[in-house]
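To keep things clear, I will list the structure first and then write my remarks on it.
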2 protein chains.
Amino acid sequence: MDLDMRKMRILQAIIDDYIMTATPVGSRTISKLPDISLSSATIRNEMSDLEEMGYLEQPHTSAGRVPSEKAYRLYVNSIMQRAELTEAEKRFIKNCYSNTLDEVDEIVRQTAWVLSSMSKYTSMVLKPALTAVRIKHIQLVPVSDGRALAVVVTDMGVTRDTLINVPRGMSYQQLERVSRILTARLQGCPIRDVASVNIPELQADLNSQREFLNNALAALHKTFDDGPGGVQLSGATNMLNYPEYSDMSKARSFLAAIETKDVLYKILTEAADVEFSIKIGQENQEKDIQDCSVVTAVYKVGGSAVGTLGVIGPVRMDYARVLALMRHIGKSVSEVLTNLMEEER
Amino acid sequence: MDLDMRKMRILQAIIDDYIMTATPVGSRTISKLPDISLSSATIRNEMSDLEEMGYLEQPHTSAGRVPSEKAYRLYVNSIMQRAELTEAEKRFIKNCYSNTLDEVDEIVRQTAWVLSSMSKYTSMVLKPALTAVRIKHIQLVPVSDGRALAVVVTDMGVTRDTLINVPRGMSYQQLERVSRILTARLQGCPIRDVASVNIPELQADLNSQREFLNNALAALHKTFDDGPGGVQLSGATNMLNYPEYSDMSKARSFLAAIETKDVLYKILTEAADVEFSIKIGQENQEKDIQDCSVVTAVYKVGGSAVGTLGVIGPVRMDYARVLALMRHIGKSVSEVLTNLMEEER
DNA sequence: GGTTAGCACTCAAATGCATCGAGTGCTAAC
DNA sequence: GTTAGCACTCGATGCATTTGAGTGCTAACC
């Protein structure tokens, strides 16, 4: 018993229907479709085969059939056809980025919003990882004796600062000098490489406390990593509109999973190196969301991936549409960010 | 028909019971209480009176009675007695602040967590408003021609920065000079007054673009206002444990209300000038949360109020306990923040 | 061979109906 | 003023019945 074209076509029809209605699909529903000219009895036979092959499941004897996760996997791999957004939708996305979005956070928030409101699922966007961003300028600002604020300006217009300890008694002029040397040495250096840079001319100044520089650079490095706080969530309540979450306990477990963003952060960072990723139900490592599906995509700045965006929805999510949205929105946010970066450079 | 002591006592018993059980309270339940030696018939008569007076409501004829919002108002105003936390609870709170909490954000997050996990409701904490914080140091860091980063260090260890436009062609030395003058002039000045300070010696430097300074100061001022982003939320899913939210549509409207933090921000900022505030159901201005109650309190740094914390829960919330928690946690966070600030000063 | 009409069968959901019981209001007696 | 007693209300609970969408199987058909 093999999965011939006709079975494929029927499975597709079942999945398409189930994605729309969330109710088990009966044989008559399929046989009535205009491009399937088979009686319900034939469909029943095929469905029976598909069930035996593990693509369909029956909630109970006298109900219709429901696609299994295996079916969805097949669907996204082979059956599903690429969907395109309408012109109006593309315009809509474009409009969302046309306003004055001059801050990374603002762009990330807006992206999450567009994605959730167009998909009607819950969306999440991970802020750009700034490890690839290059240092433009470093300035140590004295705060009190023994403490200074290290300010880093990068080529993406992003600035970060962190309080660091400096050797007590260090003068304003000395700090200035260190700033100048650091800037000269680290200019153009990507954040991720900061720790490994060697700055011989400072060894003399800091002989007594050679830890200082390493600590400072490590602290700096850390401020560029937002952690779970770098996850922007949107449309969490959209999920409650789907019948699969009308059961309170399921709704609660979903909401609990996204309340602390740790799980989402983990998912998004792990997906940082694949263009598109689709995890269906049990394929997700995280217990709490094993009856959801997660679709992620990366977005880029100047050609290299810097962040991830994702949609989390019911397993019967409209994968084709979500992928189309992600392609388009991913491209848009990539462009906007790249422009922002060039402008600042 | 007046509200004599006995009626008060009965109303209190009804409210106490309803807060615990969330089910309409019958006359027998009350008459069986050890310190009420009246028959259920007598209680019924009293209940009938209380209903006529608007303190009780009947879901339907053969159900018990439920306190009205008017009753809760009376309860918090006159009936409720001050509750105290147990020693163990006080210790618990203390422990929560004993770890290395060296950042304001960390303290705020921790506070929200303690408050929600001890109250079992949803909690929110507004970050300290930094308008009262005093400037310690200002440094302009050149970024590119015409742009600089203005870094402000305050006496609370909080630093903020913002990109500003500076007159093109301004030299590094000039920026240095401006920094020094600004620091000298603004040192000790609370953020809120920054805009109104006059700095005559800079007029000469900036004659050609006298807008520059004002814009820069305004931009700075703005970075100290977190807006809705300054609301830390915790325990949102706690609410789903209460039967009043087992109705999906109510749960959804609550979750929608807190998803964007705008509403909460509004509530918390408006409550910034009252030590404790209790809003019961319809007393809340915001439509979305009119079947919740909101209790807020301010916390202080060095004696003056800088932020607000709040609990949002069902109208039948345990007001006495929540107030006790808020008193205690409010005091704790005030102390921790005050210490942090002194240390940095 | 594959396809289909027909039919018995299944089972969740809806419907109808009687019962139960927690609660009330009222009245008469204490 | 308080209380025992009693009729009454009405949602909740339980149970039997019906309904209907769906299945599987078989026999006939092309």
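The sequence lines fix the lettering, A, B, ..., with proteins before strands; numbering per chain opens at 1.
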Can you identify which nucleotide, out of C/dT24, D/dT23, D/dC10, has its nearest atom closest to the B/His60 side chain? D/dC10
Is there a donor-acceptor contact under 3.5 Å from the side chain of B/Thr296 to the main chain of B/Leu268? no
Euclidean distance, atom CG of residue B/Leu38 to atom C1' of C/dC30 [Å, nearest integer]: 16 Å
Measure CG/A/Asp17 against C1'/D/dG22 and give the value in whole Å, please. 14 Å
Atom CD of A/Glu52 and atom P of D/dT23 are separated, to the nearest Å, by 16 Å
Atom-pair distance (CE on A/Met47; P on D/dA21), nearest Å: 16 Å
Pi-cation contact, B/Tyr55 with B/Lys70 (under 6.0 Å, within 45°): yes
Which base sits across from C/dA28 as a Watson-Crick or G-U pair, both distances under 3.5 Å? D/dT3
Side chains of B/Tyr75 and B/Asp16: is there a donor and an acceptor less than 3.5 Å apart? yes
Whole-Å distance between C/dG6 C1' and A/Asn45 CG? 14 Å
d(CD1, B/Ile43; P, D/dT2) in whole Å: 10 Å
With a 3.5 Å distance limit and no angle check, can you tell me whether B/Ser123 reaches the backbone of B/Ala112 through a side-chain donor-acceptor pair? yes
A/Thr61, nearest nucleotide to its side chain (from D/dA4, C/dC11, D/dT23): C/dC11
Taking atom types as they are modelled, is there a donor-acceptor pair under 3.5 Å from the base of D/dT9 to the side chain of B/Ser62? yes
Counterpart base for C/dG1, defined by Watson-Crick or G-U wobble contacts under 3.5 Å: D/dC30
Inspect the surroundings of NZ in B/Lys279 and state if more than 12 heavy atoms from other residues, nucleotides or ligands are less than 6.0 Å away. no
Of all the nucleotides listed (D/dT23, C/dG25, D/dT2), which has the minimum atom distance to the side chain of B/Ser48? C/dG25
Please report, rounded to the nearest Å, how far the P atom of D/dG1 is from the CG atom of B/Asp49. 11 Å
Round to a whole Å and report the spacing from CD of A/Glu46 to P of D/dG24. 13 Å
Check whether any side-chain N or O of B/Arg65 sits under 4.0 Å from OP1 or OP2 of C/dA22, and answer yes or no. no
Sugar-phosphate only, base, or nothing, as touched by B/Ser27 at under 4.0 Å among non-hydrogen atoms: sugar-phosphate
Under 4.0 Å between a side-chain N/O of A/Arg28 and OP1 or OP2 of C/dA5, yes or no? no
Is the phosphate of C/dT3 approached by A/Ser39 (side-chain N or O, under 4.0 Å from OP1 or OP2)? no
Taking the nucleotide of DNA chain C with the nearest heavy atom to each, does B/Gly64 or B/Ala41 sit closer to the 5' end? B/Gly64
Just compare C/dA5, C/dG25, D/dG22 and give me whichever is closest to any side-chain atom of B/Arg44. C/dG25
